[in-house]
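Excluded from the calculations below are hydrogen atoms, water molecules and symmetry mates; all remaining heavy atoms, backbone and side chain alike, are included.
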Amino acid sequence: MKFISLLGATGSIGTQTLDVIRNHSDKFRLVAISVGQNIELTRKVISEFKPELVSVKNQADYETLKGEFDSSIKFTFGNEGLVEVAVYDKADILVNAVMGSIGLFPTLQAIHAKKTIALANKETLVTAGHLVMSAAKENGVSILPVDSEHSAIFQCLQGENDKEISRLIITASGGSFRDKSREELTNVTVDQALNHPNWSMGAKITIDSATMMNKGLEVIEAHWLFNLPFEQIDVLLHRESIIHSMVEFEDTSVKAQLGTPDMRVAIQYALSYPKHLALHDGKRLNLAEIGKLHFQEMDYNRFLCLKLAFQAGKAGGSLPTVLNAANEAAVSAFLNRKISFLQIDDLVEKALEKHEIIKYPDLDAINLVDQETREYIHSLI
Ligand code: NDP
Ligand code: MG
């Protein structure tokens with residue numbers, strides 16, 4: 001039995017993680033969860049899974065829920081609550097499925113508490129990959145990818161020697177606007193941007209997919225997870241999201257991982273690693289039915305965010321922190337209908353240009369840069 005704590009239990013990845021746990025209740029047990037503000041769903045999750053520890057975002061919700069359930073369940077709230085869940089004594093694995101760089105501190109604390117980390121929260125690695133990976137190494141902790149592309153690469157690398165990798169090829173579906181030119185993006189709406197062709201995901205990552213920032217964040221995530229320079233990481237447009245990513249080796253041999261798009265495959269593999277368990281209601285891949293797969297070179301002028309992410313990743317230091325914080329603030333403003341779609345790229349670019357890089361930022365410096373960048377973006381809106 002593996003005991004699991006889950007940050008972001010009410011989100012897209014969170015609820016799919018619950019589905020995996022539900023369907024393998026002989027192997028996984030949920031012991032601690034954190035949620036944001038979706039209290040209705042939280043009630044259902046508590047009733048079904050009976051976790052021992054529950055953290056909510058706001059104190060008012062904490063007071064309400066505490067009065068509704070018996071005292072065998074401990075409730076807590078706020079950012080300290082996130083950390084309490086992350087380091088919960090009984091848990092073996094932390095699934096981090098919270099959205100945004102708020103996931104960084106709980107992840108670092110969980111690493112120090114020697115928890116295995118199943119990481120969906122890519123913003124954590126983008127904003128402070130150097131801190132996370134060095135803490136993981138020092139504590140002998142594994143960071144198992146949940147992002148589908150990184151799970152694909154991780155699966156391709158089983159039994160291989162990392163020194164023989166020549167290149168990672170990360171595939172990108174292209175998001176909601178893949179068939180539109182930059183000019184056609186001027187007046188697109190939030191609802192149009194939220195309509196992803198292949199995946200149903202949380203709002204922020206769906207917008208990131210439309211701007212291609214998601215792929216940029218994933219390139220930086222891959223750099224840290226697989227310890228490879230940016231020159232050895234390529235992005236390939238692949239509309240069908242059937243090949244989830246590939247690894248090319250020194251001898252030109254390429255391994256790919258394929259499957260119908262279903263995040264539960266990646267989530268479950270992180271939990272069951274190194275085993276592949278049966279996937280409840282999983283749809284098998286039928287290539288004969290699909291017939292054709294398409295591939296296209298990336299257009300870095302069309303997808304400016306991807307170019308900016310490569311630049312920030314290569315420059316390193318505190319610049320990826322700026323990239324991430326500026327993007328989080330800009331996407332939130334777009335979702336709140338305060339800026340247009342193309343202003344996201346524009347604001348991120350401005351924040352990167354303004355920043356003076358700190359070469360080796362520690363946690364305090366990361367937090368300060370994150371906060372200052374968000375303030376700068378707000379001042380421009
Ligand atoms: P969602 O927006 O669907 O879920 C986010 C979760 O975090 C919710 O449970 C939300 O709570 C909670 N949350 C948000 N803000 C706070 C806060 N301030 N304090 C405490 N809890 C908070 O996001 P996704 O599931 O789509 O994504 C989560 C992470 O996984 C992201 O980093 C994303 O990039 C990554 N990812 C997602 C994929 C997907 O398919 N969705 C694929 C690959 C990676 P509530 O709803 O209760 O307010
Ligand atoms: Mg992904």
Side-chain angles (χ1 to χ4, degrees), residues 1-9 11-31 49 91-97 115-122 125 136 140-162 164-165 168-171 173 198-201 218 221-222 224-228 238 240-249 253-290 293:
M1 184 69 84
K2 286 182 185 169
F3 292 88
I4 294 167
S5 55
L6 170 59
L7 298 180
S12 162
I13 293 289
T15 49
Q16 293 179 88
T17 304
L18 295 176
D19 198 48
V20 168
I21 296 173
R22 177 184 294 123
N23 292 316
H24 289 287
S25 56
D26 55 328
K27 296 193 171 61
F28 307 127
R29 164 135 172 69
L30 186 69
V31 289
F49 292 91
D92 308 304
I93 304 182
L94 167 68
V95 179
N96 184 347
K115 309 292 181 195
T116 297
I117 312 286
L119 192 67
N121 176 233
K122 62 190 87 184
L125 280 181
V141 157
S142 306
I143 312 276
L144 302 171
V146 169
D147 213 345
S148 58
E149 295 76 1
H150 306 75
S151 176
I153 292 166
F154 184 60
Q155 292 182 50
C156 291
L157 289 177
Q158 295 307 308
E160 301 292 354
N161 181 347
D162 291 357
E164 293 160 12
I165 302 171
L168 305 181
I169 305 159
I170 300 182
T171 52
S173 71
N198 303 356
W199 301 93
S200 158
M201 309 181 286
E218 289 182 357
E221 185 185 10
W224 289 115
L225 283 173
F226 306 110
N227 193 22
L228 282 174
H238 165 47
E240 292 87 359
S241 299
I242 295 295
I243 296 185
H244 299 311
S245 278
M246 303 180 246
V247 180
E248 182 190 77
F249 295 91
S253 169
V254 176
K255 269 168 98 174
Q257 188 262 345
L258 290 74
T260 49
D262 186 338
M263 277 313 295
R264 295 177 310 156
V265 177
I267 296 167
Q268 184 171 286
Y269 189 65
L271 296 183
S272 65
Y273 173 76
K275 287 189 179 145
H276 289 273
L277 302 177
L279 186 74
H280 182 73
D281 284 341
K283 185 169 182 287
R284 288 182 192 281
L285 179 63
N286 184 337
L287 283 175
E289 202 174 83
I290 294 166
L293 297 177

Can I get a per-line list of side-chain donor-acceptor pairs under 3.5 Å for residues 260-269, giving both atom names and the distance, sequence neighbours left out?
unit_1	atom_1	unit_2	atom_2	d
Thr260	OG1	Lys283	O	2.7
Asp262	OD1	Arg264	N	3.0
Asp262	OD1	Arg264	NE	3.2
Asp262	OD2	Arg264	NE	3.4
Asp262	OD2	Arg264	NH2	3.0
Arg264	NH1	Asp19	OD2	2.8
Arg264	NH1	His280	O	3.0
Arg264	NH2	His280	O	2.9
Gln268	OE1	His24	NE2	3.4
Gln268	NE2	Leu277	O	3.0
Gln268	NE2	Ala278	O	3.2

Review item, side-chain donor-acceptor pairs of residues 146-160, under 3.5 Å, at least two apart:
unit_1	atom_1	unit_2	atom_2	d
Asp147	OD1	Lys122	NZ	3.4
Asp147	OD2	Lys122	NZ	2.9
Glu149	OE2	Lys215	NZ	2.8
His150	ND1	Glu221	OE1	3.4
His150	NE2	Glu218	O	2.9
His150	NE2	Glu221	OE1	3.2
Ser151	OG	Gln155	NE2	3.0
Gln158	OE1	Tyr273	OH	3.3
Gln158	NE2	Phe154	O	3.0
Glu160	OE2	Lys255	NZ	2.9

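Between Asp281 and Asn23 there is no side-chain heavy-atom pair separated by less than 4.5 Å. For the pair Ile93/Leu144, no side-chain contact is recorded, criterion being any heavy-atom separation below 4.5 Å from C-beta on. Between Leu7 and Asn121, every side-chain heavy-atom pair lies at or beyond the 4.5 Å cut-off. Residues Ile4 and Arg29 are not in side-chain contact: their nearest non-hydrogen atoms beyond the backbone lie 4.5 Å or more apart. Side-chain contact between Ile169 and Val247 is absent, with no heavy-atom pair separated by less than 4.5 Å.
To the nearest 0.5 Å, atom OG of residue Ser25 and atom CE of residue Met1 are 7.0 Å apart. Taking CD of Glu240 as the start and CG of Leu293 as the end, the distance is 5.0 Å to the nearest 0.5 Å. The OG1 atom of Thr171 sits 9.5 Å away from atom CD of Gln257, with the distance rounded to the nearest 0.5 Å. Note that OG of Ser173 is 5.0 Å distant from CG of Asn198, once rounded to the nearest 0.5 Å. With rounding to the nearest 0.5 angstrom, the CG atom of Leu30 is 4.5 Å from the CD1 atom of Ile21.
Although no hydrogens or angles enter the test, the distance criterion places a donor-acceptor pair under 3.5 Å between the side chain of Thr17 and the main chain of Ile13. Not one N or O on the side chain of Ser142 forms a donor-acceptor pair closer than 3.5 Å with the backbone of Thr116.
Of all heavy-atom pairs spanning Ala270 and Pro145, the tightest one is CB-O, 3.8 Å. The two residues Lys275 and Ser272 come nearest to each other via the heavy atoms O-OG, 2.6 Å. Smallest separation of non-hydrogen atoms from Val31 and Phe3: CG1-CD2, 3.5 Å. Closest approach of Val20 and Phe28 over heavy atoms only: CG1-CE1, 4.1 Å.
Residue Asn161 places its CG atom among more than 12 non-hydrogen atoms of other residues, nucleotides or ligands, all under 6.0 Å distant.
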*side-chain contact (heavy atoms from CB on, under 4.5 Å) between Asp162 and Phe226: does it pass, once the steps are laid out?*
CA-CA 8 Å; Asp162 291 357; Phe226 306 110; over 6 Å; no
*Residues Ile242, Leu287; criterion side-chain contact (heavy atoms from CB on, under 4.5 Å); working and verdict*: CA-CA 9 Å; Ile242 295 295; Leu287 283 175; 4.3 Å; yes
